[in-house]
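Data block below; observations after.
Per chain, numbering begins at 1; letters A, B, ... match sequence-line order.
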Amino acid sequence: MAKTVYKRPKSLKENIFHYCPGCGHSIAHRIIAEVIDELDIRGITIGVPPAGCAVLAYNYFDVDMIEAPHGRGPAMASAIKRSLPDRVVFSYQGDGDLAAIGIAESFHAANRGENITIIFINNCVYGMTGGQMAPTTMLDQKTTTTPLGRNKTLDGYPVKVSEIFSQLKGVTYLERCMVNSPVNINKTKKAIKKAFQCQIDGFGFSLIEILSPCPTNWKMSAVNSCKWIDEVMSKEFPPGVFKDEIAAARKAAEDAR
Amino acid sequence: MNKVLMSGNYVIGEAAIRAGCRFYAGYPITPQNELTEYMAEHIRSVEGGVFLQSESEIAAINMIAGASAAGLRVMTSSSSPGISLKQEGISSMAACELPGIIVNIMRGGPGLGNIRPSQGDYFQATRGGGHGDYRTIVLAPGSGQELADLTMTAFDLADKYRNPVMILADGMMGQMMEPIVFKKPKPRVYSKKFMLQGAGNGKSKFIRGLLLDPIDSEEHNWKLARKYAVISISEPRYELYNIDDAEMIIVAYGTAARIAKGAIKRLRGSGINIGLFRPITLWPFPELQLRELAAKVKKYLVFEMSTGQMLDDVRLALQGYADIKFHGRPGGAVPTPAELANVIAKIYKRNY
Ligand SMILES: Cc1ncc(C[n+]2csc(CCOP(=O)(O)OP(=O)(O)O)c2C)c(N)n1
Ligand code: SF4
């Protein structure tokens with residue numbers, strides 16, 4: 001008898017992704033859905049998709065979802081979690097959504113130590129609106145609003161969300177991952193699972209930053225986009241665990257018992 | 001039932017909690033801080049009650065949208081500049097048909113303006129305020145007792161129509177101390193099917209405002225329009241005061257209506273017969289009810305603490321059937337009843 005080694009996660013609807021070929025959003029969606037299945041939390045999960053390429057995420061995730069206005073996901077997610085503390089609540093955000101228009105909501109949700117998870121897709125551009133500069137755009141990177149490349153004097157520097165947010169006491173677990181190779185995808189999935197588990201255990205705020213290809217706006221092939229993440233993007237945004245206070249939180253919870 | 005002496009901002013808070021409000025988010029701004037502080041002190045002591053001091057008014061409105069989706073009765077409050085910041089969120093709540101209460105304790109504007117009572121936000125409140133083709137139900141209390149009653153009503157209307165409801169008052173109302181009786185709130189009627197609480201073993205749901213297909217979006221707009229049409233017919237509220245042998249009628253709401261009542265009392269016995277038409281719902285504006293009066297009374301004076309905003313609605317309601325004059329004090333200036341009485345007397349005698 002044939003053994004199933006690969007199938008559609010239960011938490012993904014039968015719809016076909018609208019994402020461009022080679023886009024990191026599809027991969028991120030799939031591994032989030034796998035994690036939801038593995039943790040058996042489909043029925044208690046509420047997701048908050050952003051304005052951005054992932055705005056239609058509710059067409060894909062088979063969990064309850066509410067679309068947030070651009071940047072406001074963490075405010076909504078915080079409120080949902082506080083209203084329904086035993087649900088698993090995650091906000092899914094692009095770099096424009098999280099690090100520009102929604103930096104205040106994201107920063108303060110993290111600082112309050114909201115027991116939610118943010119999945120942060122860093123693709124160095126505004127995907128949905130056609131490839132403008134994002135806060136995370138690399139220096140010298142060409143976008144439609146930095147036609148000569150991002151200029152540090154005129155446009156400022158790439159915002160390093162993981163480095164900054166890991167300074168906040170409210171953050172329990174924060175890791176930066178990549179989805180540009182099977183090995184990295186597996187690592188990302190592990191990180192997402194750990195983040196959701198951290199929330200389920202009541203240990204507080206978690207954020208997973210995912211370096212994610214946008215071949216369309218990078219004007220590269222899918223393969224070259226994956227290479228660019230390795231060779232260029234990850235030099236500015238090094239992957240790794242920036243904060244992991246889960247063990248400490250577990251110990252504190254046990255001591256309190 | 002016991003009378004209690006309370007200032008307006010506290011009255012709103014207490015009435016909200018009694019009405020079952022279990023989620024409040026807000027950002028400090030004068031002259032409504034007492035309401036935020038009241039919620040901070042009291043909502044957490046009821047079971048399931050959540051208070052969140054948000055990082056901005058933008059965050060606050062999105063917080064109440066989230067909690068509303070999760071199924072709670074929700075409220076946020078602010079004053080004029082903060083209400084401007086909430087507009088995208090209010091539009092989004094209207095689009096997603098999320099009930100919720102927004103309290104605006106108006107202050108002088110435009111811009112930072114000042115912290116004195118004003119009525120400069122009428123257009124913003126009644127014309128939607130944010131982007132898109134939507135309406136917000138707007139209640140304008142005229143006394144401490146009405147602050148209590150209408151706050152409870154606001155929650156019922158928000159649930160009934162699955163729409164944001166605004167309580168539009170001003171700094172004067174917020175600070176005013178009056179004896180209040182808190183009535184018994186009605187039990188909540190709101191279906192679980194509109195709540196987003198996790199799919200359980202069933203089908204997942206989603207709530208969204210984005211409708212990329214113009215035909216879907218048009219249909220959604222028409223659906224909302226049909227709802228607004230029902231509200232326009234069913235929900236107008238107003239008060240008539242001293243109307244019987246009135247030869248001129250003042251149209252005023254909220255604090256301005258109280259000042260008008262004071263002026264009317266002063267003018268009694270002076271041979272000047274004036275009445276008051278006080279809209280209690282600003283949207284829907286009690287248009288037909290005001291028009292009916294025009295069969296009898298032909299002179300109107302609109303009085304607002306603004307340069308004339310409700311004036312437009314009065315004109316639309318009276319449709320040229322009557323003469324309309326206007327008196328206003330914008331920017332946080334509050335006339336005394338005596339001052340208004342003088343203005344009324346002059347206009348009354350001028351035989352316009
Ligand atoms: C208030 C507001 N401003 C602007 C927009 C337009 N807008 C939609 S998505 C987006 C940026 C998306 O970029 P990002 O967050 O990086 O996500 P991506 O599309 O790259 O996944 C913008 C500017 C909007 N929807 N709302
Ligand atoms: S534009 Fe970029 S981020 Fe958006 S779907 Fe295409 S590849 Fe993905």
Side-chain angles (χ1 to χ4, degrees), chain A residues 10-13 18 36 40-52 55-89 91 101-112 114 116 128, chain B residues 22-25 27 43-44 48-74 76 85-93 95-96 98 100 130-131 194-213:
Chain A
K10 277 205 310 256
S11 304
L12 268 192
K13 293 178 179 170
H18 73 281
I36 292 172
D40 197 17
I41 52 172
R42 175 195 165 267
I44 57 163
T45 297
I46 300 171
V48 184
V55 67
L56 301 176
Y58 51 76
N59 282 341
Y60 311 126
F61 288 106
D62 189 18
V63 302
D64 276 6
M65 297 204 115
I66 177 166
E67 159 209 291
H70 194 22
R72 316 305 168 205
M76 271 194 164
S78 299
I80 295 169
K81 183 72 183 191
R82 288 192 185 218
S83 303
L84 303 165
D86 57 354
R87 306 303 197 275
V88 177
V89 182
S91 159
I101 196 167
I103 186 82
E105 285 78 1
S106 305
F107 184 94
H108 287 282
N111 191 52
R112 287 191 302 266
E114 298 287 350
I116 59 172
M128 192 192 206
Chain B
R22 289 298 173 268
F23 191 101
Y24 173 92
Y27 186 86
I43 199 171
R44 282 174 178 164
V50 182
F51 170 86
L52 254 172
Q53 179 169 332
S54 58
E55 54 274 27
S56 69
E57 290 85 353
I58 300 177
I61 190 77
N62 286 286
M63 284 169 177
I64 72 158
S68 172
L72 268 51
R73 278 194 154 177
V74 300
T76 182
L85 282 183
K86 290 183 196 292
Q87 295 301 334
E88 182 203 25
I90 300 174
S91 163
S92 157
M93 287 174 76
C96 297
L98 293 171
H131 59 284
F194 302 126
M195 302 178 188
L196 203 68
Q197 300 188 322
N201 293 321
K203 252 186 93 175
S204 61
K205 290 185 278 211
F206 55 80
I207 296 176
R208 62 165 173 184
L210 182 84
L211 290 161
L212 289 172
D213 182 321

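- Counting heavy atoms from C-beta outward, B:M63 and B:E55 have side chains that approach closer than 4.5 Å.
- B:L196 touches chain A through backbone and side chain together, each having a heavy atom under 4.5 Å away.
- The contact between A:V55 and chain B is made entirely by side chain atoms (from C-beta outward), counting heavy-atom distances below 4.5 Å.
- Of the possible donor and acceptor atoms, none in the side chain of A:R87 sits under 3.5 Å from a partner among the backbone N and O of A:I80.
- Residue contact with chain B, scored on non-hydrogen atoms closer than 4.5 Å, is absent for A:I41.
- Atom OG of residue A:S106 and atom CD of residue A:E114 lie 12.0 Å apart, to the nearest 0.5 angstrom.
- In this structure, chain A has a heavy atom under 4.5 Å from the backbone of B:N201, while its side chain stays farther away.
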Between B:K86 and B:E57, does the salt bridge (Lys or Arg N to Asp or Glu O under 4.0 Å) criterion hold? Intermediate values first, please. CA-CA 6 Å; B:K86 290 183 196 292; B:E57 290 85 353; over 6 Å; no
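- Both the backbone and the side chain of B:Q197 come within contact range of chain A, each with at least one heavy atom under 4.5 Å from a heavy atom of that chain.
- Contact count versus chain A (heavy atoms, under 4.5 Å) is highest, among B:C96, B:G48, B:G71, B:A70, for B:A70.
- Neither the backbone nor the side chain of A:K81 comes within contact range of chain B; no heavy atoms are under 4.5 Å apart.
- The part of B:L72 that comes within reach of chain A is its side chain, from C-beta onward, which places non-hydrogen atoms under 4.5 angstrom from that chain.
- Within the 4.5 angstrom heavy-atom criterion, atoms from both the backbone and the side chain of A:R82 approach chain B.
- Shown here are the salt bridge (Lys or Arg N to Asp or Glu O under 4.0 Å) partners of A:R42, two or more places apart in sequence or in another chain: A:D62.
- The most heavy-atom pairs under 4.5 Å with chain B, out of A:I44, A:L84, A:N111, come from A:L84.
- Here ring pair (Phe, Tyr, Trp, His ring centres under 6.0 Å) pairs that include residues 69-88 of chain A, with residues two or more places apart or in two chains, number zero.
- Summarising the geometry, atom OG belonging to B:S92 is positioned 10.5 Å from atom CZ belonging to A:R72; distances are rounded to the nearest 0.5 Å.
- For the set A:G73, A:G47, A:P69, the entry with the most heavy-atom pairs within less than 4.5 Å of chain B is A:P69.
- Neither the backbone nor the side chain of B:I61 comes within contact range of chain A, judged by heavy atoms closer than 4.5 Å.
- When side chains are defined from C-beta on, B:L52 counts as touching B:F23, because their heavy atoms get closer than 4.5 Å.
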